[in-house]
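Remarks on the structure that follows.
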Amino acid sequence: MPTPPSSHKAGDLHFLKRLNRSAILELVRRKPGVTRADIATLAHLTKATVGTAVQSLLRQGWLKEGELQKSSGGRPGRALHLNSNHYLMLGAEVGVHGIRIVACALSGQVLASHHERLSPTTPEATAELLATQLKTMLGSAQLANYTPLGIGVALPGPVAPGEPIIRLAPNLGWQDVRFLDFVQANLPSFNGIWLMDNEAKSAAFGEIYFRTGKIPESLAYISAGTGIGSGMVEGSHPPLVTRGIQGLAGEIGHTIMQPGGLYCHCGNRGCAETLVSGWSIRAKLGISEEEDLLEALLPRLNEANVQAVLHQAGEALGILLLNVHHALNPSELVLGGSLTQLGSSLMEPALNYFKAHQNRLAGHSHKVPLRIIEDSTFVSARGAAAQVLASIIHGSSELI
């Protein structure tokens, strides 16, 4: 997870200058096209302070100048934007059936991506493969002129707050793993920052952080894939991730929906994942781990038993969406993950259940929007890259 900012003594001039540059960079990130005069007004800084800080950020390659903006009086100012041609952040998601990596510009634009399918294996072997893929991406010609800032890794399980340990990834069979240590051992020359988080939390963070314009007060991302998870973020600067004392906040796949039901990979019985998850659908329909779930299911969608399994899973997903809505009540719900690609057989019962029940407690008040990401292949990896950028802008990095 991102490193918290270090403490500084009051009156530390170097720290105050860095704080100003951080505030300016964040303003330009959220409001592309602002001018120096705009920044002075919005950040409550003097024009001289803004001018000096902006020159520093231009010189370091963080910002670039754009077109002249019309002025209501006085001289026109130049629009300021993040420089998408100098720095990049790397993000990776280690899933149960594959590794996904991206290189992102400061704006969140994906510069390069790679997805490789693999079967579950040991943390050491997975880390070695991930490091190899990261080396290949960093060495590609299209990224030759970029400076990497850091690497963020998203994993399918709760990560301990305050330290990079994945406590339990039940669908991988990993427990108390310092996964970043293994990756770093295979990339000893990489000098950027490293961080690690849960895949749904990373996805939620990226969905709110890389937005410009109107940002929701809060956002919950529900990840429906091999397993089921969620992440909740508050839209402050930077967004705050809800974690819980043990990092378990958002583990909706392991909330109990059927007491005394089937055993879950976590060891409990009747978890939501026994009703709706990639692994439970595989088990009920006899699809092996070696087969791609979507490729195996799409030709069989008209079979009666497939329809029945997907309808039951869809309704369970709708119940989970409703539970997240009631338990967290975010401003926006976002649903992603590979199961969304199964189409109406799963999604219709899920959405119908949620829409029919979401306003029972709130009467006829405004409905919380539910957005579906049909292709979320790189959402978590991109979110991990966003966490790298936020850690640098709002942390104690000397790069700014």
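Side chains included, hydrogens not; waters and symmetry mates left out as well; all remaining heavy atoms used.
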Would you check if there is a donor-acceptor pair between the side chains of [Y] and [X] at a distance under 3.5 Å?
X	Y	result
Q109	S84	no
D38	T41	no
S345	H311	no
H86	Q60	no
S223	E199	yes
E116	Q133	yes

pair [X]-[Y]: side-chain heavy atoms closer than 4.5 Å:
X	Y	value
L335	R371	no
V368	N329	yes
M232	V241	no
I281	L339	yes
H254	N268	no
Y221	V233	no
L149	I193	no
M137	L134	no

For [X] and [Y], indicate whether the former's side chain and the latter's backbone hold a donor-acceptor pair under 3.5 Å.
X	Y	value
R18	S397	yes
N198	V159	no
E291	S288	yes
S218	S331	yes
K284	N305	no
Q142	L111	yes
K17	T49	no
S391	Q387	no

[atom2] on [Y] to [atom1] on [X], rounded to 0.5 Å:
X	Y	atom1	atom2	value
L80	I39	CG	CD1	5.0 Å
L45	T52	CG	OG1	11.0 Å
S107	L82	OG	CG	7.0 Å
R360	H325	CZ	NE2	11.5 Å
S338	D375	OG	CG	10.5 Å
I151	L90	CD1	CG	5.0 Å

Task: Criterion salt bridge (charged side-chain N to carboxylate O under 4.0 Å, His left out) on E251 and R167, from CA distance to verdict - done: CA-CA 12 Å; E251 289 293 329; R167 287 303 185 196; over 6 Å; no

Are there over 12 heavy-atom neighbours, none belonging to [X], within less than 6.0 Å of that residue's [atom1]?
X	atom1	value
N191	CG	no
K31	NZ	no
Q307	CD	yes
E303	CD	yes

- [ ] Show the numbers, then the answer: is there a side-chain contact (heavy atoms from CB on, under 4.5 Å) between T255 and L320?
- [x] CA-CA 9 Å; T255 54; L320 282 180; 3.9 Å; yes

Would you mind checking if [Y] and [X] are paired as a salt bridge, meaning a charged N to carboxylate O distance below 4.0 Å?
X	Y	result
R282	E290	no
R211	E207	no
R78	E67	no

Task: Joint hydrophobic cluster, V379 plus L294, side-chain heavy atoms closer than 4.5 Å - done: no

Open item on the list: Run the side-chain hydrogen bond (donor to acceptor under 3.5 Å, both in side chains) test on E398 and H14 for me, step by step, so that the C-alpha distance in whole Å, both residues' side-chain angles and the decisive distance to 0.1 Å come before the verdict.
Closed with: CA-CA 10 Å; E398 295 298 318; H14 177 75; 3.1 Å; yes

Task: R29 to Y209, cation-pi by 6.0 Å centre distance and 45° axis angle - done: yes

Open item on the list: Taking the cut-offs as 6.0 angstrom to the six-membered ring centre and 45 degrees off its axis, would you call R269 and Y263 a cation-pi pair?
Closed with: yes

Which atom pair, heavy atoms only, marks the closest approach of [X] to [Y]?
X	Y	value
H81	P32	ND1-CB, 3.9 Å
L342	L301	O-CD1, 4.1 Å
P76	L68	O-CD2, 4.0 Å

- [ ] Would you please classify the geometry between the F182 ring and the F179 ring as parallel, tilted or perpendicular, with 30° and 60° separating the classes?
- [x] perpendicular

